[in-house]
Amino acid sequence: MSNSAQSSPHYAPPLVAAKAGFNGAVPWAAFVLILTLPFMQLFTVNFVFPLKIFEIAIIVWGLTAVLMLRIHVFDVPVLIFGILLTFYCVIALTINLRILDNVGNFSHLARWSPEIDGLTKAAYLLICVLGLNLVAYAAYFKPKLAVDLWIVGALLAASVHFALFLMTLAGMSLPNLPGMPDNPQMIDLAGMRLYRAATFLEGNYAGPFFILSFLLACYRHYRLRACLLLTAALLTFSTTALLGLAAAGLYWMLTSKNAMSKIKVLLLAVPLLFVGAPLLDTFVLDKISDDSENSSISDRTATALEALGMFQNNVVIGVGISQYGFGVPGRTRWDFTRNDFAVEKDKGIPNNVYAETLSELGLMGLLFLGAFLIAIFRIVWRCPHPLLRAGAYAVFLFWISSPTITLMYYWAYLGLVCGIARYEMRLASRQPIGGPRSAVVAK
């Protein structure tokens, strides 16, 4: 934030505020982004890949901001390091494909071509950087509205999830909703095939989102809404979500100063753990300890080792963004309708953000990503609310099984916590609004 803008409590007369952009006006795209975050598969526009509502909003806002030469900036270092990371991805990709001719043996699995696939993912990363900036800006000026909109969007997604889950529980066929994949992800439980993906492609994408939303509802003291969101998270049957919830809960127990709240949580959690012990045994302990060839943990270990091998062969700049899948055989796609493997193959993914970063971006990319995260967490750690910080730190755990670093809601959550942290800092110092600003370029 600008120190000069906060040097005097009387720095913001209407004329100066309008000229410098310190009037608190939040771009409409920020609220659209927050509200539509969970709709990452269902209710999307399929154009070779799902085009999300919030992506359209960010692109339109970005083009408008450039044309008007007015860009709302929450924090300059965060935005600069995010853009530098994106530029590095493009440069490293170009060097790999155009200069080193480092093209994988399975390039036929590309949507278009290895180069365009890489540039597309770099564009996704830039959209995530801009999305984080927008959400942080909104949370700084309108923290309650930003959090409430997130919770509303999450509840809408949870309602869809509940409806589809109950339909499969009753043995009904699923409707053909916009964006619904041909073979939506199901899980076998007690002789039934139950829907688990909510409005996402997989339950492992939906579960962490509902956990973060649950933490936000607890932060706002919305008990019923928190219970609904926690239920939605549990019905995704995501091991990662449960581990993230446990880690966030432990962090909150260790850092929160509200002793009465801790006692209430323990009185509620302990009986639930006893009741849910069989499910925990099935969906957590059994999954973690299952070392069979077709188990999830074995598959993730294999992809991580493959990524590590790529990193060892391309230590400095990696193989290029979105190029991991062209260096390994394609994955045989699972057909949930036939409960068997399908014939066609998909481009492989590391299923681990850390393995993805090392293999595709190398040590240089790791340094750029580290600088970006340090710029973010220098603000996050100052947030006075342990629940919100717990969710931010849980993101690092969720990344262990995340399909890609460009999953928007992780960055949006970090932006939300950054915005709230700066808002609370301003209240604590009793300073007028004047932190995040709009960069205005004279025509």
Side-chain angles (χ1 to χ4, degrees), residues 1-2 21 26-27 29-30 33-34 52 54-97 115-140 316-318 320-323 353 356-357 360-380 392 395 399 404-419 421-422 435-442:
M1 281 189 281
S2 173
V26 179
L33 164 59
I34 294 170
K52 293 88 171 173
F54 61 79
E55 289 172 351
I56 298 173
I58 293 174
I59 292 171
V60 172
W61 166 80
L63 293 175
T64 304
V66 170
L67 290 174
M68 296 180 64
L69 300 179
R70 184 184 182 88
I71 302 175
H72 296 80
V73 178
F74 170 73
D75 183 82
V76 174
V78 169
L79 189 60
I80 287 177
F81 281 119
I83 293 174
L84 285 176
L85 173 62
T86 305
F87 282 168
Y88 164 77
C89 291
V90 174
I91 293 171
L93 175 72
T94 304
I95 293 174
N96 267 294
L97 298 184
E115 188 170 19
I116 295 180
D117 277 21
L119 292 175
T120 301
K121 188 168 181 179
Y124 271 125
L125 180 58
L126 180 59
I127 288 175
C128 288
V129 172
L130 296 177
L132 182 152
N133 175 73
L134 276 175
V135 173
Y137 198 94
Y140 178 80
V316 180
I317 62 171
I321 188 170
S322 194
Q323 303 302 298
V353 166
E356 174 191 45
T357 303
E360 295 188 348
L361 305 184
L363 282 180
M364 288 293 295
L366 192 63
L367 290 176
F368 277 100
L369 177 61
F372 183 39
L373 290 174
I374 289 172
I376 294 170
F377 276 87
R378 87 186 203 282
I379 304 173
V380 168
V395 167
W399 275 352
T404 175
I405 198 172
T406 57
L407 207 56
M408 173 62 82
Y409 68 78
Y410 290 135
W411 300 108
Y413 182 86
L414 294 178
L416 195 70
V417 177
C418 285
R422 283 275 172 88
R437 55 179 176 169
S438 296
V440 181
V441 183

Handout entry: Pair Cys89-Leu125, side-chain contact (heavy atoms from CB on, under 4.5 Å): steps then yes or no
Key = CA-CA 9 Å; Cys89 291; Leu125 180 58; 3.8 Å; yes

Reported [atom1]-to-[atom2] distance for the pair [X] and [Y], which is rounded to 0.5 angstrom:
X      : Y      : atom1 : atom2 : value
Ile58  : Leu33  : CD1   : CG    : 4.5 Å
Leu416 : Tyr409 : CG    : OH    : 15.0 Å
Thr64  : Ile59  : OG1   : CD1   : 11.5 Å
Ile83  : Asn133 : CD1   : CG    : 8.5 Å
Leu97  : Leu119 : CG    : CG    : 8.5 Å

Can you name the closest pair of heavy atoms from [X] and [Y] and give their distance?
X      : Y      : answer
Tyr137 : Pro27  : CD2-CD, 4.0 Å
Ala412 : Val135 : O-CG1, 3.3 Å
Gly365 : Leu85  : O-CD1, 4.1 Å
Leu134 : Ala29  : CD1-CB, 4.1 Å
Ala30  : Val26  : CB-CG1, 3.9 Å
Phe81  : Ala375 : CD1-CB, 3.9 Å

Exercise for the section: Just do the side-chain contact (heavy atoms from CB on, under 4.5 Å) check on Leu367 and Leu363 with the steps written out, would you? Expected result: CA-CA 6 Å; Leu367 290 176; Leu363 282 180; 5.6 Å; no

Exercise for the section: Let me see the working for Phe377 and Leu414 under side-chain contact (heavy atoms from CB on, under 4.5 Å), right down to the final yes or no. Expected result: CA-CA 8 Å; Phe377 276 87; Leu414 294 178; 3.8 Å; yes

Practice task
Please state whether the rings of Tyr410 and Trp399 are parallel, tilted or perpendicular, taking 30° and 60° as the class boundaries.
Solution key: perpendicular

Handout entry: Whether Trp61 and His72 hold their rings parallel, tilted or perpendicular, with breakpoints at 30° and 60°
Key = tilted

Side chains of [X] and [Y]: closer than 4.5 Å at any heavy-atom pair?
X      : Y      : answer
Leu361 : Leu369 : no
Leu130 : Leu79  : yes
Leu93  : Lys121 : no
Phe74  : Ile379 : yes
Tyr124 : Thr120 : yes

Exercise for the section: Look only at the side chain of Glu55 and the backbone of Ile127, and say whether a donor-acceptor pair between them is shorter than 3.5 Å. Expected result: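 Not confirmed, Glu55 side chain does not pair with Ile127 backbone.
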
Practice task
Please confirm whether the backbone N or O of Ser322 pairs with a side-chain atom of Glu360, one donor and one acceptor, at under 3.5 Å?
Solution key: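 Between the backbone of Ser322 and the side chain of Glu360 there is a qualifying donor-acceptor contact (under 3.5 Å).
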
Exercise for the section: List the steps and the verdict of side-chain contact (heavy atoms from CB on, under 4.5 Å) for Met364 and Ile91. Expected result: CA-CA 11 Å; Met364 288 293 295; Ile91 293 171; over 6 Å; no

Practice task
Using side chain to side chain donor-acceptor pair (under 3.5 Å) as the criterion, list what pairs up with Asn96, not counting sequence neighbours.
Solution key: Asn102

Handout entry: Matching residue for Trp411 among Ile376, Thr406, Val129 - test: side chain to side chain contact (heavy atoms under 4.5 Å, CB included)
Key = Ile376

